[in-house]
Each structure stands twice: as structure tokens, then as C-alpha cells.
Amino acid sequence: MPSTEKRISEKRMTVVTRFAPSPTGFLHIGGARTALFNWLYARHHGGVFRLRIEDTDRKRSTDDAIQAIVDGLEWLGLDWDEETVFQSARSERHAEVARSLLGTGQAYYCYASQEELEEMRQTAKKEGRPMRYDGRWRDRDSSEAPQGVDPVIRLKAPQEGETEIVDQVQGTVRVANEQLDDMVLLRADGSPTYMLSVVVDDHDMGISHVIRGDDHLTNAFRQTLLYRAIGWEAPSFAHIPLIHGPDGAKMSKRHGALGVETYREMGFLPEALRNYLLRLGWGHGDDEVISTEQAIEWFDLNGVGRSAARFDFAKLSNLNGHYLREAEDQRLVDILCADFYGEVTPLGRKRLLAGMAGLKPRAKTMKELADLGQFYVSGRPLVFEEKAQKLISKGGADLIAAIAEALQKVENWNEDELEKSIRALSEQREMKLGAVAQPLRAALTGSSVSPGIFEVAAILGREESLGRLSDAQEQMQTFSISAD
RNA sequence: GUCCCCAUCGUCUAGCGGUCUAGGACAUCAGCCUUUCACGCUGAAGACACGGGUUCGAGUCCCGUUGGGGACACCA
């Protein structure tokens, strides 16, 4: 009723945002984006980004999940400020606020049973009314309370009028108070509900901006009512659209959402995921490739779109390929050895590093990069892919021998000399260069696809290259004689 | 069922009344490059959901329809 015209003056207060996941599973992609937006908003404004673990549901919360969330945020490079708040540790404070509301008449004890509540929902549904608690204990005296029933504390919410929130993304949204019921603040066992905890914690933590998923929009109304009842000023809300799966439905743990660690395992780089997530629902003109530094400078709530976006692996892969090409070779080698290969010898690492420039542009993910570079770290003899076997068989033992012979004569084992030698051989045999280069590639890499073969041979070195050539020669007989 | 939100190429989006014969990116297709595969470059195809208004003028504002999504716990 108070004309909500109260101007939220652009005060110079510090921006404090938070990411508040419940540790019931991994950090999924939607949560990661919410965290990213909060982080960017805080960093952009030189504010504070905090982490709060909403573990009030002790039955479903696990330490593993907390660890997964922390690991996920760290991997993504989203660092938070100040100490992490564990909601479960604050239940006494939450209960205290609920009780104080009892004192001011803004809340009341309710003794309704589960059965009664279920019945209310059924009737409401049947009568086409919103499914809500009917307020039967609103004005009843506790003296009427049934014996042996532990009551819950409910908020005495206004039943008429409407509640409005001015959302930074969704704009002004109002809902009739009739739609909102007297929500439970404190459970029968004395534990606080989510709605209460969130409001108290956000207030106590000094959160100025609540940026979260769209699915919380209706909660914002209830929370607004609570803020009002307590007499606190509500933070600024920004409800960002959800990420949908390729099928257009909300991504959830049940529905296609993967933990960030899975993206890591699939070979995506954190900076690529950050860039992709940023562009999912946020835009800055035609800019696509946006560095994190640039993102901090540009990020802004009014760049956030209002409609849900579908997750698209193809675009993420493309972006990943871009960042892969930009990445330092040494870093790539380190990731490969740590996450994708088993034991890698120092020599293998050296070759991998030397060959990285040629490998990089051919991969979109670290996984692909790992497969592509496998031949640099594998010991002899190589396992030959089917296509490689065919290439070698087709060329014939004679050709492999000729190649080996030609290479043996190369004095300076470098890319140029090697190329000259093979070109000469192909001319001499009146063959196209490819007809010679492909069998050579197959013998040196075990594959039909690789970086430039002379570069590969140069990096592998004379001894290794000739060794692989003779391996191919020896193993030829064992190749399934698939003429084609 | 009730309430809320959304609606531009297949996907992500630019567009904040005229400069839109609607731009970019990914994906797709064609070509160039080439020892393979990529990378890179060039080009092609491809969208304002529909219907009413408002206005000199609407992708841009309003209403409705349709379609999608979300929320309705002593879960968070």
C-alpha cells in the first residue's frame, strides 16, 4: 500500500553480492553462471563477492558437494571475498528473528497438521484458487492449540493489496498478495526455513544485490514481505533467465545439467566456459570473444536479456578452440599431462611442447588435443589405427623401405631437409607427394591425421622416426590385409 | 488449476519508432589454401510467431491469441 515510489537513490554504497548454492550436488552449469554474474557485478563495481553455503537441509547436504562447489568455483577462477558463511551455523539467529516477529504480532503459531495442509491444497486446486495455506491459525489464540502438537511459526502476511518488486532484469513485477500465503518461518522442530534464512543472512551479510536464477522470482515477493515485516530494507533484486537444455526445458540435475568438473573432464578451458556462460543471456553489441578483464569492465545488469537461453555445445567448443589456440603451450602441456595422460616421460613432455604449436589449431577441446598429441608421448611400437594400417599396406613394404632409406640420408634432421628428401623421393618414383607423405604419417603417428608430417618427423628426431618406420615395416604382416 | 516471466535466422544474440532491402557469432553448405586433418580466408542459404491497435512511420509501444518457460513444501 505505501506507494512504492520510494526512490532507491543511487547511493554510493558498496556493492556486495553473493553466490548461495545448496550443497546437494555438484556445481552445475546454471549455478556457475549465476556465480559468474555475481562475481562480475561485484568486480565491476569494486565491490565484494561472497559465498554462502545453504546447508540448512542437513539431510541432503553433503561435504562432498561443498567440496565440489568450492573446487568448481576455484577452477572457474571465481574467487570470493571474506569468510564463507555456512547457513546451518546461523540457525539460532534465524530463530531469534522469527521469535521477535512473534513479539510484534507479525507472525503467529500454526498448529495445522500435514493432512490439513494437503487437504487445503486439494480444495484450492479443485476450486481454481491458488494453492496456499488458508490462514486458519492466523487469529486463533494458542489456548485453542491441540495437545501435543509442536507448532510452526508463520508470517502474518498481508491478504490484500499487492506486492511489487523492481527487478533489475525483469523490470517492475507485481503480484496480488492473495497469491502469497502465510509462509512457514520456523519449522515445528525449531529449525528455520529457507525463506527466513535467506532474508536474515542476506541482511546480516550486508548483501546489496541479489542476482540469482529466474526460478526465484516468486520467492522475491515472499522475501519482500518478510523484509517489510522485520523492518529491513530489501536488497536490489536481479533475476536472470535460466539456462535451458537443448530441448528447451530447464536444466536441472535430473535434466541434462552437468557439474563444471565434467566440462573440465571433457576438455574445456575455464576461460572458454566463462566467456560462453557470459554470452548466454548477456550481450554487449556484437562482441563474442570477451576476455575476463573486458567482461569485468563491461558487465552490467541491463545487458542481461529476459529470455531463457539454450545450452549449445557447438558454440562452447568453438570458443574453446579459440582459447586453446591462444593458450600458452606450456600450460597446455601441463594440463594434458595432469588430466589426460598417465605417466609421461620427460622426453614425451619435451616433444609435446615442441609439437604444441602444430597440435593446437587442430583441436577444439583438451580431450581432442590429447588424442591428437598422443603419438608424441607414446612409446614404441605404436598402435596403428585402422586407417593408418590401410595407408601403410597400400603404400607397400617397398615404399616404407624407400622412405626409410631416403630419410637415413638426410644430414640435417630438420623440417626443410626432411621435406626436400621426401619430395625428391616422390618425384623419383613419380608419385604425388601425398602418396608418400600419408604412409609416412601413418608410420610415424599411427594415424591418418596429424600436424605437418615433416614437423612431426623433425620433433620426433632421427632415431625415433626411423625406429617407427621399421616398426611399421615389421608389423605390416599383422595388419588385416584389407586391400581397401 | 492459480500466478509470474518470455517470444528476431537451427542456436546465442544486435536492434532501445524512421539509418532494417534486419547486423554479428556458432552450426550448415560451396569454394580457396593444402602432404592428411584442422586453422585461416571468401561466399551462400537462413529470422522479426500470429492478429488487432497507437503513430506520418513499428522488429522496436499497447492489447489479445498461440507457443515456450518458471513458481506454487515444515526443499533450497
Side-chain angles (χ1 to χ4, degrees), chain A residues 20-24 54-57 59-61 87 110 112 114 117-118 121 124-133 150-154 167 170-171 173-176 178-181 183-189 191-195 197-198 213-219 221-222 239 241-242 244 246 248-250 276 279-289 302 305-319 321 325 358-364 368 372 387 391 419 422-423 426 432-438 440-442 445 447-454:
Chain A
S22 57
T24 55
E54 309 216 319
D55 56 350
T56 53
D57 184 345
K59 290 186 290 289
R60 294 200 300 155
S61 300
Q87 198 158 58
C110 167
Q114 288 301 331
L117 294 174
E118 186 48 37
R121 279 191 281 272
K125 190 168 185 175
K126 216 177 300 168
E127 296 174 3
R129 289 186 293 103
M131 294 190 271
R132 59 189 277 285
Y133 170 70
D150 288 327
V152 298
I153 294 180
R154 284 182 184 274
D167 192 275
Q170 307 292 338
V173 187
R174 357 168 170 251
V175 72
E178 181 184 43
Q179 297 293 329
L180 280 11
D181 62 359
M183 61 191 169
V184 172
L185 263 22
L186 213 59
R187 300 191 185 97
D189 66 1
S191 65
T193 59
Y194 163 76
M195 218 60 81
S197 307
V198 169
D214 219 348
D215 50 344
H216 283 284
L217 187 61
T218 52
N219 287 336
F221 291 104
R222 294 189 150 81
H239 290 90
L242 301 176
H244 285 174
K250 177 189 181 183
Y276 178 69
R279 285 289 292 108
L280 215 51
W282 179 85
H284 184 271
D286 282 340
D287 296 301
E288 295 288 348
V289 176
N302 52 6
R306 274 122 262 160
S307 54
R310 297 190 188 198
F311 193 89
D312 180 20
F313 270 104
K315 191 148 184 175
L316 206 211
S317 294
N318 174 273
L319 226 27
R325 275 170 255 137
L359 257 17
K360 282 202 292 193
R362 278 163 245 264
K364 292 225 186 302
E368 287 176 21
L372 237 31
K387 280 184 182 173
L391 247 18
E419 177 162 1
I422 295 300
R423 277 192 189 278
S426 70
K432 289 172 86 172
L433 179 56
V436 180
Q438 278 304 84
L440 172 59
R441 182 189 317 281
T445 69
S447 163
S448 61
V449 171
S450 83
I453 195 58
F454 306 116

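Small disclaimer: the values here were computed from a predicted structure and weren't measured. Chain letters run A, B, ... following the sequence lines, proteins first and then strands; every chain starts at 1.
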Worksheet item: Choosing from C26(B), C74(B), C5(B), which nucleotide comes nearest the side chain of Ala314(A)?
Response: C26(B)
Discussion item. Within the 4.0 Å limit for protein heavy atoms, which parts of nucleotides 34-48 of chain B are touched? Write it as a string from 5' to 3', B for base, S for sugar-phosphate only, - for none.
Written reply: -BBBBSS--------
Practice prompt. Just call it for Glu127(A): base, sugar-phosphate, or nothing, with non-hydrogen atoms closer than 4.0 Å on any strand.
Written response: nothing
Discussion item. If I pick the P atom on C63(B) and the same atom on G43(B), what distance separates them, to the nearest angstrom?
Written reply: 43 Å
Practice prompt. Identify which nucleotide among U11(B), C74(B), A7(B) has an atom closest to any side-chain atom of Asp312(A), counting heavy atoms from C-beta outward.
Written response: U11(B)
Fill in: Partners meeting ring-ring contact (aromatic ring centres under 6.0 Å, His included) with Phe221(A) (sequence neighbours left out)
none
Worksheet item: Base, sugar-phosphate, or nothing: which does Glu54(A) touch, judged by heavy atoms less than 4.0 Å apart?
Response: sugar-phosphate
Worksheet item: How far does the P atom of U60(B) sit from the matching atom of U21(B), given to the nearest Å?
Response: 15 Å
Fill in: Separation of Leu280(A) CG from Phe311(A) CZ (nearest 0.5 Å)
7.5 Å
Worksheet, complete the sentence: For C72(B), the nucleotide meeting Watson-Crick or G-U wobble distances (both under 3.5 Å) is G1(B)
Item to complete: Can you tell me, in whole Å, how much space there is between the P of C6(B) and that of U65(B)?
Response: 16 Å
Pairs under 3.5 Å (N/O, protein and nucleotides 19-23 of chain B):
residue, atom, partner, partner atom, Å
G23(B), N2, Asp286(A), OD1, 2.7

Discussion item. Run the ring-ring contact (aromatic ring centres under 6.0 Å, His included) test against Phe454(A) and tell me which residues pass, sequence neighbours left out.
Written reply: none
Response to the item:
To the nearest angstrom, the CZ-C1' distance between Arg306(A) and C4(B) comes to 16 Å
Worksheet item: Do side-chain atoms of Ser22(A) reach the backbone of Thr24(A) as a donor and acceptor pair under 3.5 angstrom?
Response: no
Worksheet, complete the sentence: Sorted by chain and number, sequence neighbours left out, side-chain hydrogen bond (donor to acceptor under 3.5 Å, both in side chains) with Glu419(A) holds for Arg423(A)
Fill in: Whole-angstrom distance between C9(B) and C20(B), as gauged at atom C1'
15 Å
Discussion item. Can you measure Lys315(A) atom NZ to C26(B) atom P for me and round it to whole angstrom units?
Written reply: 7 Å
Worksheet item: So, does Arg310(A) use its side chain to make a donor-acceptor pair with the main chain of His244(A) at under 3.5 Å?
Response: no
Practice prompt. May I ask you to say what Thr56(A) touches in the nucleic acid, namely base, sugar-phosphate or nothing, with a heavy-atom cut-off under 4.0 Å?
Written response: sugar-phosphate
Fill in: Spacing of Arg174(A) atom CZ relative to C5(B) atom C1', expressed in whole Å
15 Å
Worksheet item: Which parts of nucleotides 63-73 of chain B does protein reach within less than 4.0 Å, heavy atoms only, written one letter per nucleotide 5' to 3' as B for base, S for sugar-phosphate only and - for none?
Response: ------SSSBS
Practice prompt. Go through the structure and list residues passing side-chain hydrogen bond (donor to acceptor under 3.5 Å, both in side chains) with Glu118(A), not counting sequence neighbours.
Written response: Arg121(A), Gln122(A)
Practice prompt. Quickly work out the Leu280(A) CG to A25(B) C1' distance and round it to whole Å.
Written response: 13 Å
Worksheet item: What's the CD-C1' distance between Glu288(A) and A14(B), to the nearest Å?
Response: 10 Å
Worksheet item: Looking only at atom C1', what distance separates U55(B) and C29(B), rounded to whole Å?
Response: 43 Å
Practice prompt. Could you pull out all residues at least two apart from Asp150(A) that satisfy salt bridge (charged side-chain N to carboxylate O under 4.0 Å, His left out)?
Written response: none
Worksheet entry | A45(B) pairs with, by Watson-Crick or G-U criteria that keep both distances under 3.5 Å | none
Worksheet entry | Gap between atoms NE2 and P, on His284(A) and C16(B) respectively (whole Å) | 14 Å
Worksheet item: In terms of the nearest nucleotide of RNA chain B, which residue is placed more toward the 5' end: Ala309(A) or Ala176(A)?
Response: Ala176(A)
Item to complete: Would you check if the side chain of Arg132(A) reaches a backbone N or O of Glu178(A) as a donor-acceptor pair within less than 3.5 Å?
Response: yes
Item to complete: Decide yes or no on side chain to side chain contact (heavy atoms under 4.5 Å, CB included) for Glu288(A) and Lys315(A), but give the supporting numbers first.
Response: CA-CA 11 Å; Glu288(A) 295 288 348; Lys315(A) 191 148 184 175; 3.4 Å; yes
Fill in: Residues in salt bridge (charged side-chain N to carboxylate O under 4.0 Å, His left out) contact with Arg306(A), at least two apart in sequence or another chain
none
Practice prompt. Could you give the distance separating G46(B) and G24(B) at their P atoms, to the nearest angstrom?
Written response: 14 Å
Worksheet entry | Partners meeting salt bridge (charged side-chain N to carboxylate O under 4.0 Å, His left out) with Arg325(A) (sequence neighbours left out) | none
Practice prompt. With C1' as the reference atom in both, quote the distance from U19(B) to C37(B) in angstrom, rounded to an integer.
Written response: 45 Å
Item to complete: With a 3.5 angstrom cut-off on both distances, give the Watson-Crick or G-U wobble partner of U55(B), or none if there isn't one.
Response: none
Fill in: Partner nucleotide, any strand, of C33(B) [Watson-Crick/G-U, under 3.5 Å]
none
Discussion item. Going by salt bridge (charged side-chain N to carboxylate O under 4.0 Å, His left out), name the residues that satisfy it together with Arg362(A), two or more places apart in sequence or in a different chain.
Written reply: none
Discussion item. What's the gap between C41(B) and U34(B) when it is taken at their C1' atoms, as a whole Å value?
Written reply: 13 Å
Fill in: Euclidean distance, atom CG of residue Leu316(A) to atom C1' of C12(B) [Å, nearest integer]
12 Å
Item to complete: Look through every strand shown and name the nucleotide pairing with C39(B) as Watson-Crick or G-U wobble, where both distances are under 3.5 Å.
Response: none
Practice prompt. Output all residues satisfying side-chain hydrogen bond (donor to acceptor under 3.5 Å, both in side chains) with Thr445(A), sequence neighbours left out; order by chain, then residue number.
Written response: none
Response to the item:
Among the nucleotides C26(B), G1(B), A76(B), whichever has the atom closest to the side chain of Lys125(A) is G1(B)
